[in-house]
Undergrad: 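Please see the structure below; I have some questions.
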Amino acid sequence: MAEPEGLIIDAARQATAFVSRLWDNDNNVSDNSCTLSACRQRLEFLLSAVQGHAVSLRVAQPPPPPSALSRLFGRIPRHLIETRPLPANDGATIFLPMQLHPGEQSELSSHHFFRLLALQQAGRARRRAQQMAPADTLLTLDLFQLSEAAAADHALALHFAGLRHDLMALRRVMLSQRPQPALLNPVEQAVEELYCGVLKACPDDIPPPLALARKPEDSLDWAVEMSMKISIRTGVRAVRYRGCAKDLWWGKMLPPSSVNQPIRYEEALRDMTQPSANPRRSANLSRRPQVREKTPDEDDETQGMWMVQKDDPQQHVEDPAGLQRPADRDDDADAGDLADSLSELPEAQLISSSKTVRELLLADDPLDQRTTLVLPGKGAARGIAYPEWDFRVSRYHKEAAIVRLQPPLLGDVAWAESVVARRPALLRQVQLRLEGLRPRRIRYHRQPEGEEIDINACVNAFAEQRAGLPPQDRLYQSVKAARRDIAVALLIDISGSTDGWVSQELRIIDVEKEALLLVYLALTKLGDPFCIYAFSGESAQNVSLWPLKNFEENDRILVQRRIGALEPQLYTRAGAAIRHTTNLLTATGARYRLLILLSDGKPNDVDRYEGRYGVEDMRQAVAEARLQAIHPFCITVDRHAPQYLARVFGARHYAVLQQAETLPVVLADVLRRLIRQ
Amino acid sequence: MEESLIKLAASENTCQDVPHPQAEAPYYLPFGDEVSIFTQCHRRHLAVMLKGPTGCGKTRFVEHMAWRLKRPLIIVSCHDDLTAADLVGRFLIRDNATVWQDGPLTRAVRTGAICYLDEVVEARQDAIVVIHPLTDYRRVLPIDKTGELIEATPGFQLVISYNPGYQHVTKDLKPSTRQRFVALDFDFPPPEREAEIVIHESGAEHAMGHDLVALAGRIRGLADRGLAEVPSTRLLVSTARLIANGIAPRLACHVALVSPLSDDPALVAAMRDLVDATLLD
């Protein structure tokens, strides 16, 4: 006879195993081909084509788990608890869930499903309804969103006839997932009826009492009027509208995106020079909390009435003052635990610090980059002054920017070898692309002397002689290696933003370094003179340039070590760097001169160089280079580059990399295209 | 004796091989004042440069203008091996005699034709310099081989086309050449006109023409995202012709519109998505 205690423990174990099996079944992740990452790039292209400008597509974050307190105080009914990420847009960016439920793929393939959701959100983003969204009651807001979504679908069906079938299928799937009417109160039932009416209708019909809203204002008028009617019809003003269960069709309307301002560091330079004593820890974040903007009354001296905290406090993640997190005091803290706790927070304030990073928490949807790192050694070299263009007064500021040539650091010898060993296929690809550029042997016709007789020239000369013209002496042909008069300068942006991650183990700077190394190895075989410079800096007085390879330098090991030592630096004052490189190129005296800029974003600096000033100065520097018969070209990983680079470099004088990993091949392609005669 | 032979040959080949305008007007839908500007240039003996992307109707415009002005038209497609002799002419040996054979440019100058040099930047520099004395007040063509100085017949007009999109470092028109021309900028027509052109040229249905143009407009939005060449009106016409002849619309777009434009798998997939979303089979 078993002890009662043992029976209870056994029963608990069995129950746990059963629940975890159920849980696993519910959450079984379908294969990778059905996730958003499989078709993300393709969808981004599609959205760019439809919207007419670059659109960024990001992973929608799952909702935070509701805390016990918020359930208790908020009284959220079960059917209204969000269990999955929903498609959303903030007017500029489109968010889609990472994966779909298996049942949803029965009518539409996952790719068709994602395509439809993306186009739906793009259509809603185009209407710019965010600005008009009513803030008074939840009922009006939901009705407004319903009317907007129906209008966006109507436009979609009208402009993309091929999507009608997919739209119908999506509506059918969503209809099958609606909650039981018994769970709803009369007001909610009225909204649910309206929603189901939309789902049952054809996408190019707007079922009454909804009306086609030409613009968001119409939706707003309709929503206000309809909420009044519903309140009157249900007759019970006391019934609270708790919301409508949102699904993939309904999606989410996020507040308009706020522009992130870059941060400036002044006081913290010294912290950066201290090497980190502890190794970095890393873990994956299952979801990233939203960035919480500071509210105006947050730091008020007097405390208000509403101090009850609905969410569970996460004291081992956050520090209310934002000065030092509990994990900062504990060297043995587990990064995985920290990631789990952080994932449960609905939102967190973003605090930037110049201190060394202690943990890397990787999320599907990382924050926009705004960090910069500083290395010592600024101001060490003698400066060369360059003018700067001020678009506001349409003239140059004399000696406004000082370029300082820095002695390049030397990296590990083994780095270059390891890259070559790791990426033989990529090196081969780059070499193949540049091989065709080797000065070929060209047959020169009609030469005064040569190895062979030029038959065509002889026949011509004979005919002309017969016609009474003086005899020709250019009757030979010879084959010689063609002399190509080209000089190439590669200018690399190593500003702080190149510290951004492009994949699990590569940062932008790593990709840049690998590309530089591979292209350097391939270029040396061509024999044309070329130089490589890296640039960054802080303020107009300190634009740093690191010569990695001069035109005349030939020491392979030295150049490789210099490339290997590149690390992200400060800001991007591109104008001065371009002017200096232009000078170097002009001094070569080559007939064709190429300046290729590798960049990762807009020019910026601590002072007025931010924004239009920087872009205009860069544009002027590029125009000056053109006047010196230099052909400038820019390769960038910034997806928003077309908005400003077309003005700076001119259409077709820049390339936007879709995947940073393809940089070596694209760089080789650009060189080939520009050099080919 | 030889001199008379040469002259005879020269006067003989003045009237051969010069295509005269057809009876029917080549279809061209004007987008602005280009017809009246071209007419005035013709009247005032000014050379014209047509700038614009490939397949937007430059050659068709010249054909149309030749018909309208009732001038013969000589078209030379320039390539990187085109020398001055290929334009001006050369001595040939024929039946134990040496004969001077006019090149297309000389023929146009003699007969008063419109000479259209297509993609002129492709030609070698020495070939381009030959046209200089024809494009200023002199309007003469010196032929050093025969020692002739041919004065252009009043109807002669030089037209060149040039695609500013092709970026070759070593290939561009010299400023001294560019300044000799009146430049007409061409671009893809606005959607309604482009649809009208596609429908007229292909015989496709009205709705299909409009759908194709809407599709092309969206694909052109990808120009900044890695698509080297955007779909031209000519490409749309070929696609519409396939559709008018019974090929299913989506398939016709895949083979005639999407595949010729790019080899990049992601770009091609996105364009196919656009086709599937825009057109019904």
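Because only heavy atoms are used, hydrogens play no part in the values below, and waters and symmetry mates are left out as well, while side chains stay in. Residue numbers begin at 1 in each chain, while the letters A, B, ... track the order of the sequences. Everything quoted here is computed from the prediction, not taken from an experiment.
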Undergrad: Write down the atom of A/A49, the atom of B/L222, and the distance for their closest heavy-atom approach.
TA: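 Where A/A49 meets B/L222 most closely, the heavy atoms are CB-CG, 3.7 Å.
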
Undergrad: I need the minimum non-hydrogen distance between A/F462 and B/I93, along with the two atoms involved.
TA: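 Of all heavy-atom pairs spanning A/F462 and B/I93, the closest is CD2-CD1, 3.3 Å.
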
Undergrad: Heavy atoms only: give me the nearest B/L280-A/A161 pair and the separation to one decimal.
TA: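 Closest approach of B/L280 to A/A161, heavy atoms only: CD2-O, 3.5 Å.
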
Undergrad: Of the backbone (N, CA, C, O) and the side chain (C-beta and beyond), which part of A/L469 lies under 4.5 Å from a heavy atom of chain B, both, or neither?
TA: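 It is the side chain, since no backbone atom gets that close.
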
Undergrad: Go through the atoms of B/L279 and report whether side chain, backbone, both or neither lie under 4.5 Å from a heavy atom of chain A.
TA: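 For B/L279, the backbone is the part near chain A, not the side chain.
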
Undergrad: Please flag which part of B/R250 lies under 4.5 Å from any non-hydrogen atom of chain A: side chain, backbone, both or neither.
TA: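 Contact with chain A involves the side chain of B/R250 alone.
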
Undergrad: Quick check: do B/D273 and A/R42 have side-chain heavy atoms less than 4.5 Å from each other?
TA: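 When only atoms from C-beta onward are counted, A/R42 and B/D273 do touch, with a gap below 4.5 Å.
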
Undergrad: When rounded to the nearest 0.5 angstrom, what distance separates CD in A/E464 from OG1 in B/T146?
TA: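 Reported value, rounded in 0.5 Å steps: 10.5 Å.
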
Undergrad: Quick one: what part of B/A277 sits under 4.5 Å from any heavy atom of chain A, side chain, backbone, both or neither?
TA: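 Both parts, backbone and side chain.
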
Undergrad: Would you compute the distance between atom CZ of A/F160 and atom CG of B/L215 and round it to the nearest 0.5 angstrom?
TA: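 Result: 9.0 Å between the selected atoms.
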
Undergrad: Does any heavy atom of chain B fall under 4.5 Å from the side chain of A/H165, the backbone, both, or neither of them?
TA: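 No part of it gets close to chain B.
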
Undergrad: Just wondering, are more than 12 heavy atoms of other shown residues or ligands nearer than 6.0 Å to CZ in B/F186?
TA: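 Atom CZ in B/F186 is packed in, count exceeds 12.
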
Undergrad: Measure across A/H159 and B/T278 and return the closest heavy-atom pair with its distance rounded to 0.1 Å.
TA: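 Reported closest heavy-atom pair: O-CG2, 4.4 Å.
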
Undergrad: Can you measure from CG (A/L47) to CG (B/L274) and round to the nearest 0.5 angstrom?
TA: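 Result: 9.5 Å between the selected atoms.
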
